[in-house]
Chemist: 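My structure is below; once you've seen it, I'll send some questions.
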Amino acid sequence: MGEETVKLFDSELKVMDIIWKEGGATAKYVADTLAREIGWNKNTTYTLIKRCIKKGAIQRSEPHFMCQALIPKEKVQEAETNALISKLYDGSVDKLFASLLGSKKLSAGEIQSLKKMVDELEQKESVQNG
């Protein structure tokens, strides 16, 4: 794993989610959205944007303090998922799935979707090894 993953806190992820969703946004737009959605004041949001810039997650440009994501959402999701699996399931993906399946909260559609993913992984694996 050559690339270093940027660690973002939940509050920073709220800022990033808006930027990812919009494909880029002004700091004012991000602040206005978070004020409306969760009641944050403008200074809180601007502080979090500056933190994300320092961490290399956001690039700022003019005009209007335009914010662009420097890291893709999928990369952050993958890192967070791996951290969760390591922390809660001893690094075992099967323990995670056993927990999900054991909770009995999955719909028939979700179970079918999981089966399809497993089938696709098996096919990909057999092509790589075959």
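Atom set for the values below is all heavy atoms of this structure, side chains included, hydrogens, waters and symmetry mates excluded.
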Chemist: Quick one: does Q128's side chain get under 4.5 Å of E125's, heavy atoms only?
Modeler: yes
Chemist: Taking H64's backbone N and O only, do any of them form a donor-acceptor pair with E62's side chain (distance below 3.5 Å, no angle check)?
Modeler: yes
Chemist: Is V76 close to M16 at the side-chain level, that is, under 4.5 Å between some pair of heavy atoms?
Modeler: no
Chemist: Is any side-chain N of the basic residue among E80 and K75 closer than 4.0 Å to the acidic one's carboxylate O?
Modeler: no
Chemist: In Å, rounded to the nearest 0.5 Å, how long is the span from CD1 of I53 to SG of C67?
Modeler: 5.5 Å
Chemist: Under 4.5 Å between any side-chain heavy atoms of L114 and V118, yes or no?
Modeler: no
Chemist: Who passes side chain to side chain donor-acceptor pair (under 3.5 Å) against K55, sequence neighbours left out?
Modeler: E12
Chemist: Do you know the tightest heavy-atom contact between I19 and A69?
Modeler: CG2-N, 3.6 Å
Chemist: May I ask you to test the Y89-D94 pair for a side-chain heavy-atom distance under 4.5 Å?
Modeler: no
Chemist: Is W20 reaching over with its side chain to a backbone N or O of I71, donor-acceptor style, under 3.5 angstrom?
Modeler: yes
Chemist: Specify the closest pair of heavy atoms between N43 and N41, including all atoms of both residues, with the distance to one decimal.
Modeler: N-OD1, 3.0 Å
Chemist: So, do S11 and W40 sit near enough that their side-chain heavy atoms are less than 4.5 Å apart?
Modeler: yes
Chemist: Any chance you could measure N82, atom CG, to K87, atom NZ, to the nearest 0.5 Å?
Modeler: 14.0 Å
Chemist: Please check if the side chain of S113 supplies one atom and the backbone of G109 the other of a donor-acceptor pair under 3.5 Å.
Modeler: no
Chemist: Rounded at 0.5 Å granularity, tell me how far CG in L121 sits from OG in S126.
Modeler: 11.0 Å
Chemist: For the residue pair V15 and I58, establish whether any side-chain heavy-atom pair is separated by less than 4.5 Å.
Modeler: yes
Chemist: Side-chain contact test, heavy atoms from C-beta onward, threshold under 4.5 Å: evaluate it for F65 versus I49 and give yes or no.
Modeler: yes
Chemist: Which pair of heavy atoms, one from Q68 and one from G23, lies closest together, and at what distance?
Modeler: NE2-O, 3.4 Å
Chemist: Residues two or more places apart in sequence or in another chain: which of them pass salt bridge (charged side-chain N to carboxylate O under 4.0 Å, His left out) with D90?
Modeler: K95
Chemist: Is there a side-chain contact between K73 and D17, using heavy atoms and a 4.5 Å cut-off?
Modeler: yes
Chemist: Give every residue pair that meets the salt bridge (charged side-chain N to carboxylate O under 4.0 Å, His left out) criterion with at least one member in residues 29-41, sequence neighbours excluded.
Modeler: K28-D32
